[in-house]
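Single-structure report; data block below.
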Amino acid sequence: MSTVDYTRELSVLEGKHALRELDDLIAKPLEIKPDKKFYIALAIALSMTGLLVLGLALTFYYGIGMWGNNIPVGWAFDIVNFVFWVGIGHAGTLISAILFLFRQKWRTGIARFAEGMTVFAVMTAGLFPLIHVGRPWLAGYLFPYPNQHSVWVNFTSPLLWDVFAVSTYLTVSLIFWYVGLIPDLAILRERTNHKIKKVIYSTFSLGWRFSNRHWQHYEMVYLILAGFATPLVLSVHTIVSFDFAVSVIPGWHTTIFPPYFVAGAVFSGFAMVQNVLIIVRKIFNYEQIITVDTLEKMNKIMLLTGSMVGYAYAMEFFISWYSGVEAERFVFLNRALGPYAWAYWIMVTCNVVSPQLFWFKKIRRTIPVMFVIAIFVNIGMWFERFVIIVTSLSRDFLPSSWAYYKPTLVDGMILIGSFGFFFTWILLFTKALPVVSMAEVKAVVDGAQPTHKDH
Amino acid sequence: MSEKILYSYTGIFDTPDEVTHAAEEAVKQGYTKYDVNTPYPLHGMNKAMNLPPSKLGYVALIFGLSGALGGLLSLWWVSAIDYPLVIGGKPFFSFPAYIPVIFEVTVLSAAIATVLAMLFFFFKLPNNAHPLHATDYMKKVSVDKYGIVIQADDPKFDEASVRKFLERVHAKEINAVYWVEEEITHKHKIFEPKFLTFLLVVVIITSGTTYFSLNKLMFMLPFNWMMEQQKQNPQQKSLVFADGFGMRKPVEGTIARGFLPYEFQGQPDLAGEKLINPIPISKESLQLGQTKYDIYCSPCHGYQGEGDSRLRGQFPNPPSLHSEKVRTWSDGRIFAVLTDGQNIMPSYSTQLTVDERWTVINYVRALQRALNAKESDLQ
């Protein structure tokens, strides 16, 4: 039975690697011309983005009335998509910051990619608060600056906290990402003979010299950034949940929201990262860098966070009954049995039932199965936000103002388009920058560190 | 060859253990201007090189704290001093609600400051004119080799002994690295015509787009502040009503709220006889009268009613309100002037309500009395 020696750390990469080989493997997509498959993928992503552009043009020209939003459902797809994409963005920082603090070496193979996904997901998410105001070119007013009206923003509003949280998160994620990229850009600078590429890499690597006098500070900064990013990532979805929890709408006004939202964000983020990574490792032959072990660990995190989300669903029900507040009781029964019951049960099946399959080691390590489960998780998490936002609004305190919400074609275009926008960035990223951190991966190869035999 | 200035000697190692050992030896040898280059950070190297702990933590601490304090102070100033607004019945300075924003500002300022400090002050980057760049040495240590550099400006530097030292620690490929001409005579390129033209183009493009978006774009659909809306505007043709008029007459027989018919149209003397001022003289009513008088009457009659306003000479001179005539007029007679107008003085019945007209008259009386006080007023 116990043939595994737990005192020794397992190696992160499969097989034995010469460091130079790793560089070659990781830098390869940047050095060859993109093939047909890439162009097909890009064409699809760009067409989807075209839908987004069209949907937004219609929205801006004719106004928000192009959407299905009504009174009382004033928030619908716009905010559902926002919360969904911000949630996706949480896996990146979790992997690069929290797992870094916990010294989880397996993160090295996937950290760069996940961080990139964070940046792109938050960019996609950022679209929605802007467009849902209908006049996004006036969004400058969201920031407190001394203006001609001499009024300030409302600092006690969760929506304003959101502006701060999301923009800080985007900035810090970008910084984190860029700091990690500097040594890799320097590697590429030394590799390339192409004149223009050399200029670009030299500019962005800032003339990094791999000096240990620099590495020392660099590691310190990485630690500091990880230390700051950890509470930051927790704060972001907490504040997103405040958008709901601070209001008085039944079904929103609960204290369980912050932890429940953060767990859900990590859950959906890991599902998305896992999905995309499975494709990436296949296309670029990174099977030995992004190993099945790594994927299995991600599945375990999904199992954990998925169970937390399931617990939260159950707890919400219990508390609504236990509180004795009639409106609360009604809202939760209405979720499960009311006009949106279909959405609720999609959510429960995808989020609570499907990740439980990860208890089986076989399933955790079978790539096609976990891929499908992760897709279900993404669908379920989208529906979770839909259920929370739409069911609560469509039937709140006053039965005379109840209404059923139906999305329009433009809503659908914008939703599909947001995926196109996200994947366009991902595709360009895979061709423009190393999707695995070369410096970090090399540091965890067997034998890459001193043995300290003379100490 | 001999003109070249020596930068350093470099040695290359195959394993991390060897380079760690070499670094320890370099410390023992007393070199201070030396460095180790490795493709990734090596555990234990800081100890081997005897480097003091990084001070960047202090940068993060200082900037984080200033961010927190700055955030707190500006929130307090904005919401309790500069523009106090009651929101949700909370105090002006409601600290708990500020925590999220203060936290974000703290993280943001600490993260940005630490990274900028590291790159620009600790590392003195960007620097692409370093002699080690584009050398064989750099090509190797960036990938899979470990190298040590002993710089020529080290006080203990001496070509022969450094060479010997590197051999003693079993360095492979011991090489000298020289400054490249360009790196020494490196000049800033900001005054080159190319760069200046680039700047000019940037200036033209940014100012052009700014002008366009602020002065033109903002008045085009859909950016034009919702000017164009699907609604009925005054004077517009209506698509709803058969007669095509957008503006509708009130239903026959409708009377506006507070409307009282004025019976003495064109009969000022009769009005003077019949009308009685219903507004008692009080501090409030006089104050209201003063406000209204200053707004509506003073432009012509002057603040004191002497007919000496700034309009004097540009308009048929308005008469003084202190004339014998006006002083002996009854309140109702003056009311008739305000309501109907008199010759070129327009009617004020649309600007002033009936009550307001009476308060103005009371105030005019007060002005009159002030200029022509009676003996009894002195007591």
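Computed from heavy atoms alone, side chains included, the values below leave out hydrogens, waters and symmetry copies.
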Next item on the list: Select one option (side chain, backbone, both, neither) describing which atoms of B:Pro84 are under 4.5 Å from chain A's heavy atoms.
Entry: neither

Notebook entry, point to check: At a heavy-atom separation under 4.5 Å, does A:Val179 approach chain B through its side chain, its backbone, both, or neither?
Noted result: side chain

Checklist line | Contacting moiety of B:Leu119, where chain A heavy atoms sit under 4.5 Å | finding: side chain

Next item on the list: Counting only heavy atoms closer than 4.5 Å, note whether A:Glu219 contacts chain B via side chain, backbone, both or neither.
Entry: side chain

Next item on the list: Assess whether side-chain contact (heavy atoms from CB on, under 4.5 Å) is satisfied between B:Leu217 and A:Trp137, documenting all intermediate values.
Entry: CA-CA 11 Å; B:Leu217 196 66; A:Trp137 47 92; over 6 Å; no

Next item on the list: Select one option (side chain, backbone, both, neither) describing which atoms of A:Leu223 are under 4.5 Å from chain B's heavy atoms.
Entry: neither

Check: Side chain, backbone, both or neither: which part of A:Arg20 has a heavy atom under 4.5 Å from chain B?
Finding: both

Check: What residue in B:Thr106, B:Thr15, B:Asp82 has the most heavy-atom pairs under 4.5 Å with chain A?
Finding: B:Asp82

Next item on the list: Could you check B:Met138 against A:Phe210 for side-chain contact (heavy atoms from CB on, under 4.5 Å), going step by step and ending with a plain yes or no?
Entry: CA-CA 8 Å; B:Met138 185 51 68; A:Phe210 301 95; 3.7 Å; yes

Next item on the list: Using non-hydrogen atoms and a 4.5 Å limit, figure out which bit of B:Pro96 sits close to chain A: side chain, backbone, both or neither.
Entry: neither

Next item on the list: Can you tell which part of B:Met49 gets under 4.5 Å to a heavy atom of chain A, answering side chain, backbone, both or neither?
Entry: side chain

Notebook entry, point to check: So which part of A:Leu22 gets closer than 4.5 Å to some heavy atom of chain B, the side chain, the backbone, both or neither?
Noted result: neither

Margin query: Donor-acceptor check, side chain of A:Trp208 to backbone of B:Leu125, threshold 3.5 angstrom: yes or no?
Written below: no

Notebook entry, point to check: What distance do B:Phe103 atom CZ and A:Ile239 atom CD1 have between them, rounded to the nearest 0.5 Å?
Noted result: 7.5 Å

Item checked: Interface residue of largest heavy-atom contact number with chain A, from B:Ala111, B:Pro100, B:Ala117, under 4.5 Å -> B:Pro100

Check: Given a strict heavy-atom distance threshold of 4.5 Å, which part of B:Leu108 is in contact with chain A: side chain, backbone, both, or neither?
Finding: both

Next item on the list: Could you grab the distance from atom CD of A:Glu190 to atom NE2 of B:His133, nearest 0.5 Å is fine?
Entry: 7.5 Å

Next item on the list: Compare all side-chain heavy atoms of A:Trp152 with those of B:Trp77 and state whether any distance is below 4.5 angstrom.
Entry: yes

Margin query: Please classify the contact between B:Leu51 and chain A as side chain, backbone, both or neither, with a heavy-atom cut-off of under 4.5 Å.
Written below: both

Margin query: If I measure from the heavy atoms of chain B, does A:Thr203 come under 4.5 Å with its side chain, its backbone, both, or neither?
Written below: backbone

Next item on the list: Let me know if B:Phe223 has heavy atoms under 4.5 Å from chain A in its side chain, its backbone, both or neither.
Entry: both

Check: At a heavy-atom separation under 4.5 Å, does A:Leu232 approach chain B through its side chain, its backbone, both, or neither?
Finding: both

Note to self: Please identify, among B:Glu18, B:Lys55, B:Met45, the residue contributing the most non-hydrogen atom pairs under 4.5 Å to chain A.
What the structure shows: B:Met45

Margin query: Quick check: do A:Leu160 and B:Val101 have side-chain heavy atoms less than 4.5 Å from each other?
Written below: yes

Check: Can you tell me how far the CZ atom of B:Phe121 sits from the NE2 atom of A:His217, to the nearest 0.5 Å?
Finding: 14.0 Å

Note to self: Determine whether a donor-acceptor pair (N or O, by modelled atom type, separation under 3.5 Å) exists between the side chain of B:Asn128 and the backbone of A:Ser202.
What the structure shows: yes

Next item on the list: Give a yes or no answer on whether the side chain of A:Tyr218 reaches the backbone of B:Pro41 with a donor-acceptor pair at less than 3.5 Å.
Entry: no

Item checked: Side chain / backbone / both / neither for A:Ala165 at chain B, heavy atoms under 4.5 Å -> both

Next item on the list: Identify which part of A:Ala448 has an atom lying under 4.5 Å from any heavy atom of chain B, answering side chain, backbone, both or neither.
Entry: both

Notebook entry, point to check: Does the cation-pi check pass for A:Arg213 over B:Phe123, that is, NZ or CZ under 6.0 Å from the six-membered ring centre and within 45° of its axis?
Noted result: no

Notebook entry, point to check: Using a cut-off of under 4.5 Å for heavy-atom pairs, which of B:Val78, B:Leu56, B:Thr114, B:Val36 has the most such pairs with chain A?
Noted result: B:Val78

Notebook entry, point to check: Which bit of B:Tyr34 comes within less than 4.5 Å of chain A, counting heavy atoms only: side chain, backbone, both or neither?
Noted result: both

Checklist line | Part of A:Pro231 lying under 4.5 Å from any heavy atom of chain B | finding: both

Check: In Å, rounded to the nearest 0.5 Å, how long is the span from CE of B:Met118 to CD1 of A:Ile224?
Finding: 9.5 Å

Check: Judged by atom type as modelled, is there a donor-acceptor pair below 3.5 Å linking the side chain of A:Asn212 to the main-chain atoms of B:Thr38?
Finding: no

Check: Should the heavy atoms of other residues, nucleotides or ligands under 6.0 Å from OH of B:Tyr31 be counted, would the total exceed 12?
Finding: yes

Item checked: Engaged part of A:Arg191 at the chain B interface, taking heavy atoms whose separation is under 4.5 Å -> neither

Next item on the list: Could you tell me which of A:Tyr169, A:Phe155, A:Phe176, A:Phe242 has the largest number of non-hydrogen atom pairs under 4.5 Å with chain B?
Entry: A:Phe155

Margin query: Heavy-atom pairs under 4.5 Å with chain A - which of B:Ser142, B:Gly147, B:Pro126 has more of them than the others?
Written below: B:Ser142

Next item on the list: Just do the side-chain contact (heavy atoms from CB on, under 4.5 Å) check on A:Lys442 and B:Asp144 with the steps written out, would you?
Entry: CA-CA 9 Å; A:Lys442 283 191 280 184; B:Asp144 55 355; 5.9 Å; no

Margin query: Can a donor-acceptor pair be found, under 3.5 Å and without considering hydrogens, that links the side chain of A:Gln449 to the backbone of B:Pro16?
Written below: no

Check: What residue in B:Val19, B:Ile87, B:Val59 has the most heavy-atom pairs under 4.5 Å with chain A?
Finding: B:Ile87

Note to self: What's the separation between atom CG in B:Asn46 and atom CH2 in A:Trp215, rounded to the nearest 0.5 Å?
What the structure shows: 12.0 Å

